[in-house]
Amino acid sequence: MKSDKILLDHGSGGKMSHRLTANLLLPAFDNPALAMLDDGATLHLPGGRIAFSTDTYVVDPIFFPGGSIGDLAINGTVNDVAMCGATPLYLSVGMIIEEGFPMADLERVVAQMGRAARLAGVTVVTGDTKVVPKGAADKIFINTAGIGTIDENVNVSGANARPGDTVILSGTMADHGMTILTQREGLAFDSDVKSDSAPLNHMVADIFGTGCDIHVLRDPTRGGVGTTLNEIADQSKAGIRIDEDRLPVRPAVSGICELLGFDPLYVANEGKLLALVPADQAGRVLAAIQQSPYGKDACIIGEVTDDHPGRVFMRTRIGGERIVDMLTGEQLPRIC
Amino acid sequence: MALKQNDAFHDPQIARHLAERITQTSRGPVRFMEVCGTHTVSIFRSGIRSLLPETIALLSGPGCPVCVTAQTEIDAFIALAREPETIVATFGDLLRVPGSGSSLQREKAAGADVRIVYSTFDAVNLASQNPDKRVVFLGVGFETTAPTVAAAILAAHQQKLDNFCVVSAHKTVPPALEALADGEINIDGFLLPGHVSVVIGLDAYRPFFETHRVPCVVAGFEPADLLQGIAMLVDQVESRQPALENAYPRVVSAAGNPKAMAVMNEVFETVDADWRGIGTIPKSGLAIRESYAAFDAVKVFDLQLKPVPEPKGCACGAVLTGLKIPPQCPLYKTVCNPMAPVGPCMVSSEGTCAAYYRYHGDG
């Protein structure tokens, strides 16, 4: 009899585990390397440099407008590998599932992972499933790791920002973080915000396709654009000036941020990138990003400067200037 | 719900025009105090300080509710989190505030049931959903917040909930102005809080103004609102004609919101209150009336509010009263930072020290 809930037996390594793998996971990620069911995948990679990244996904709620923990787990690692200037190729998926987790939810999550992998053009070649007793995990946690190959001429790093570089942001800020927040218990907002979860590897390929000299690529996830820019300024020992009136935020997102006392600069994104490129090449890179389905709202938000080395500062909308510091902890909603 | 920013009040033309007007009219050096924490943050975030002439010093007042909450009360909140079968419901700001030996965040990590809520009514709902637990809401805030807490108590009363209560550490603004005006520092003008004034109305400041004859302007929170308020203060100072004026008439009236005031007065009574770093200010606190004692956490839990010394070296008190700016505190950036705050002015998003740390760079 098919169980409608995940049982400890599903993680036992016995028949139930095998059935779960054969009936659910193999079809979703359908590929020969995984189908071998060996202890690990054997892969062919072209010579040269390889990018390797891992991330773990514990988002709550697991389903939200614009995505789920499933596509987030694929897109997040695809994007991390892509931000190294690499072409992501292969992923691993490790799942820790809480006993009693609805089978239908697992099917939905796995289906969305499969779809996300196909959309990104990556292959899930190895994986693992563990089931822990009720209460030992919250619903489902997913770890993904990914590898990709880096072309010879590519050299991107947070340490490569140079004075004079233009800072490009590939779209609106804070969509993912504010979507998750409004979905959480106790926030009965009626709004149409949705997560921006998306694979950015094709956009990155288009960026390199311009032949421009790309200095820095970063996806501003946790900590948002403000924190990521601070990391770049610190790594490059350069100043970064951003213009408040150029920062793209959807009106609904901006309104919710204002109500709750959140600064969109520090709220997570899951489908955006920052590209720092020499000013004379910025137009071509921006045009390439805007061609991408996930880059329509891309724009220039600032530039790298000689002054304020290691710091990010903002020219405010009314013409003032202030520091943009790194986020220090989780943003907490304020009293008034 | 209108979710669009009021762009006119961000208009760089209007803001620049106001900043120029201020630069042209301001002569003598003046010290203005923005009493409200949201003003402080808005001033920093919009970069207003960098547009003002050197003649104008802006001091931040005691208007961040978390910052003025006495250490004794913070310790009581933490003690409540340790009570068995108890859910502590709080606004997010309070979570990291250090008490004498712990914080709500640490208690939460140790297993206490501490929930962040966005409205007091969420706490009432928690109580009706968890009949076998006691739900305590930590009531911190000024006249902006107090009416909603009072309304939640009335709702709990109506629903006959016997597992909901509130610690009322609410404070009121006009008595604090008296304490500031009587204090050591000469303030040349007060930028009065916008949200509080929506509730209490412009007239609530009249007795204070008549006694002290110091320039007073109620201001809103957008950059142009704030610059307009500062421009009006400068005009009053330069013409030597102090007045009580309203730069936020689109939401603040002379009488305020009588309905909100009535709800607040139904549930709360005025008492003397301890303000962190300032001390006791007469008739500046709101305690739950005897008729609603069943909802008063102090009585329900028999809370003992023992006086505790504030952390050594922490200049929160002097910062809250404008005697010092954060960089003049020996702990600022050395041992006190947003990751490891010593005093609440560094932990609250509206605290002056946190605003300096985040937006002011090394200045």
Side-chain angles (χ1 to χ4, degrees), chain A residues 178 181-182 184-193 226-227 230 239 242-245 247 249-266 307-336, chain B residues 1-5 10-16 18-19 36-38 41 44-52 64-66 91-96 105 115-119 122 125-126 140-142 144-145 193 195-196 223-224 227 337-339 348-350 354 357-363:
Chain A
M178 291 325 284
L181 196 85
T182 51
R184 283 197 182 147
E185 191 186 4
L187 260 190
F189 275 120
D190 189 14
S191 71
D192 56 356
V193 296
T227 300
N230 266 284
I242 53 176
D243 291 321
E244 187 177 24
D245 59 1
L247 294 173
V249 186
R250 283 182 213 288
V253 172
S254 161
I256 297 170
C257 282
E258 215 166 291
L259 271 176
L260 298 177
F262 281 64
D263 186 341
L265 262 179
Y266 298 110
D307 48 344
H308 300 78
R311 303 223 66 160
V312 181
F313 55 107
M314 174 190 276
R315 192 155 60 198
T316 65
R317 247 197 264 194
I318 60 166
E321 191 177 280
R322 72 159 165 98
I323 290 288
V324 176
D325 200 17
M326 195 177 266
L327 182 65
T328 42
E330 208 178 338
Q331 286 199 96
L332 297 171
R334 60 157 189 240
I335 286 175
C336 63
Chain B
M1 188 187 304
L3 288 179
K4 208 174 162 352
Q5 278 186 357
H10 276 280
D11 188 328
Q13 299 286 351
I14 296 173
R16 209 164 299 143
L18 284 166
C36 167
T38 314
V41 172
F44 274 107
R45 276 184 64 173
S46 58
I48 281 179
R49 281 168 176 265
S50 66
L51 297 177
L52 293 179
C64 149
V66 168
F91 293 136
D93 302 39
L94 277 172
L95 212 62
R96 289 198 201 103
Q105 194 175 38
R115 314 262 186 109
I116 292 181
V117 292
Y118 297 86
S119 145
D122 292 342
N125 291 340
L126 271 178
V140 165
F142 297 112
T144 332
T145 322
H195 294 146
V196 164
L227 285 164
N337 61 60
M339 273 94 56
S348 168
S349 61
E350 309 229 310
Y357 192 97
R358 259 185 297 162
Y359 302 120
H360 202 58
D362 303 316

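A quick note: this is a predicted structure, and the numbers were derived from the prediction, not measured.
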Which bit of B:L227 comes within less than 4.5 Å of chain A, counting heavy atoms only: side chain, backbone, both or neither?
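The answer is the side chain of B:L227.
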What part of B:R49 is in contact with chain A, defined as an atom under 4.5 angstrom from a non-hydrogen atom: side chain, backbone, both or neither?
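Interface part for B:R49: neither.
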For a 4.5 angstrom cut-off between non-hydrogen side-chain atoms, does [X] reach [Y]?
| X | Y | result |
| --- | --- | --- |
| B:R45 | A:D263 | yes |
| A:D325 | B:Y359 | no |
| A:T316 | B:L51 | no |

Check against side chain to side chain contact (heavy atoms under 4.5 Å, CB included), A:I323 and B:F44
CA-CA 9 Å; A:I323 290 288; B:F44 274 107; over 6 Å; no
N/O donor-acceptor pair under 3.5 Å between B:S50 side chain and A:E321 backbone
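A pair under 3.5 Å: yes.
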State, to 0.1 Å, how close B:P223 and A:I318 come at their nearest heavy-atom pair, and which atoms those are.
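Taking every non-hydrogen atom into account, CB-CG2, 3.6 Å.
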Who among B:C64, B:G47, B:S119 has the most heavy-atom pairs with chain A under 4.5 Å?
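Top count of heavy-atom pairs under 4.5 Å with chain A: B:G47.
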From A:E244 atom CD to B:S46 atom OG, the distance as rounded to the nearest 0.5 Å:
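With rounding to 0.5 Å, CD (A:E244) is 7.5 Å from OG (B:S46).
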